[in-house]
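Notes for the one structure printed next.
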Amino acid sequence: MISGFRQVVQAEGAGALLTGFGPTAAGYFLQGAFKFGGYEFFKKTFIELVGIEKASENRTAIYLGSAAIAEFFADVALCPLEATRIRLVSQPTFASGLIGGFSKILKEEGVLKGFYSGFGPILLKQVPYTMAKFVVFERAAEAFVKSMGVPKDEILPSTMTGINLASGVIAGTVAAIVSQPADTLLSKINKQKGAVGESLTSRLIGMAGQLGVKGLFLGLGPRIVMVATLTSFQFAIYGDIKRVLGATGGVEIAK
């Protein structure tokens, strides 16, 4: 991973490491808002629908369903910006930044073809990723809290932040592994235009066959480091915000 950074800096300069930063920041800010907010909304909705007792007994299904639905709507917001980011990274001369790249894709290719040709792959990547991320986090945090031997509301805030960080590392690692093949295919499909009349499914199958298992998981190590780190901080901040807002007990169904 370090050698890769060095090669990029030597070949293209340090600025190349920030290529696509604008759409990345904007896209993932929107996606995060939809994802975390949506997750809490749908989790609360499911709990009210089935009742707290049944929800607690079937909490894994609640976590998975809430995460999947929230991610779908988050991806609707993310996809145009992700397509712009990948185009800027793969074709540095395509445009000078987010607004220029976004406008050029919209003008030349239109909304559906330009921004949502990768919607299927991004769902294949992000929905399993988010489902794994939330369910593993919830279960890991539950296990850590149980190991403390005291009720959750009696655990010190600093300790709870540590639990969220550790659970986030575990969740991020699992989520990165689960979504790596789809992440690889998403990058490929946004970099290459398909043949006339070629369906998305046939493109995905063809690319997967060309890459093979090894190719689909190429770059997994650096991605685990990145995703696990980001996820741990996301959940630590998420937990602290919930605590400050007094929302920690609103939709908790962990035993």
Side-chain angles (χ1 to χ4, degrees), residues 1-38 70-127 129-130 176 179-200 203-204 206-207 210-211 218-219 222-223 225-227 229-231 233-234 237:
M1 181 170 68
I2 295 174
S3 64
F5 284 141
R6 287 174 179 168
Q7 288 175 12
V8 171
V9 172
Q10 288 173 1
E12 304 176 43
L17 296 174
L18 295 177
T19 301
F21 177 76
T24 298
Y28 283 94
F29 175 82
L30 278 175
Q31 190 204 32
F34 276 96
K35 180 186 296 185
F36 284 88
E71 184 58 45
F72 176 85
F73 290 105
D75 289 343
V76 172
L78 171 67
C79 206
L81 294 162
E82 179 70 357
T84 304
R85 179 191 72 82
I86 291 174
R87 190 68 63 86
L88 291 175
V89 171
S90 62
Q91 300 176 28
T93 59
F94 180 75
S96 59
L98 168 59
I99 296 175
F102 190 94
S103 300
K104 189 172 181 180
I105 293 173
L106 180 62
K107 182 179 179 180
E108 293 182 356
E109 301 177 39
V111 175
L112 292 179
K113 185 179 178 183
F115 295 132
Y116 286 96
S117 62
F119 188 60
I122 209 171
L123 285 179
L124 290 175
K125 167 196 166 185
Q126 289 296 134
V127 171
Y129 167 84
T130 300
S179 63
Q180 178 66 18
D183 183 68
T184 302
L185 291 174
L186 175 65
S187 296
K188 293 286 184 184
I189 209 164
N190 276 293
K191 288 177 184 177
Q192 304 172 9
K193 290 185 178 180
V196 177
E198 185 181 21
S199 69
L200 176 61
R203 287 181 69 190
L204 290 173
M207 287 179 181
Q210 291 173 6
L211 292 168
L218 192 66
R223 188 160 183 266
V225 173
M226 180 189 72
V227 173
T229 302
L230 288 175
T231 302
F233 283 109
Q234 281 180 336
I237 295 169

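Any value given below was found using the heavy atoms of this structure, including those in side chains, with hydrogens, waters and symmetry copies removed. Source: prediction; values computed, not measured. Quick note: residue numbers are just sequence positions, from 1.
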Which atom names give the shortest non-hydrogen contact between [X] and [Y], and what distance separates them?
X      : Y      : answer
Ala95  : Gly100 : CB-C, 3.7 Å
Ala176 : Arg223 : O-NH1, 3.0 Å
Gly38  : Ala70  : C-CB, 3.6 Å
Leu211 : Leu185 : CD1-CD2, 4.1 Å

For [X], look at atom [atom1] and say whether over 12 heavy atoms of other residues, nucleotides or ligands are found less than 6.0 Å away.
X      : atom1 : result
Leu230 : CG    : yes
Phe34  : CZ    : no
Tyr116 : OH    : yes

Would you compute the distance between atom [atom1] of [X] and atom [atom2] of [Y] and round it to the nearest 0.5 angstrom?
X      : Y      : atom1 : atom2 : result
Phe72  : Phe119 : CZ    : CZ    : 4.5 Å
Gln234 : Thr229 : CD    : OG1   : 11.0 Å
Asp75  : Leu124 : CG    : CG    : 10.5 Å

Problem set entry | Audit row: Phe115, Leu81, side chain to side chain contact (heavy atoms under 4.5 Å, CB included) steps and yes/no | CA-CA 8 Å; Phe115 295 132; Leu81 294 162; over 6 Å; no
For this session: Start with the C-alpha gap between Glu82 and Gln126, add the side-chain angles, then the distance that decides, and say whether side chain to side chain contact (heavy atoms under 4.5 Å, CB included) holds.
Result: CA-CA 12 Å; Glu82 179 70 357; Gln126 289 296 134; over 6 Å; no
Exercise. Is a side-chain N or O of Tyr129 found less than 3.5 angstrom from the main chain of Gln180, in a donor-acceptor match?
Worked result: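 No, the answer is negative, given that no donor and acceptor are paired below the 3.5 Å cut-off.
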Problem set entry | Pairs meeting criterion ring pair (Phe, Tyr, Trp, His ring centres under 6.0 Å) with involvement of residues 79-101, two or more places apart |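 For residues 79-101, and leaving out neighbouring residues, there are no ring pair (Phe, Tyr, Trp, His ring centres under 6.0 Å) pairs at all.
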Problem set entry | Those residues that, when tested against Thr130, pass side-chain hydrogen bond (donor to acceptor under 3.5 Å, both in side chains) (two or more places apart) |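 If we apply the side-chain hydrogen bond (donor to acceptor under 3.5 Å, both in side chains) test to Thr130, skipping adjacent residues, the hits are Glu71.
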Exercise. Do Leu218 and Thr184 pass the side chain to side chain contact (heavy atoms under 4.5 Å, CB included) test, and can you show the C-alpha distance, the side-chain angles, and the key distance before you say yes or no?
Worked result: CA-CA 8 Å; Leu218 192 66; Thr184 302; 5.9 Å; no
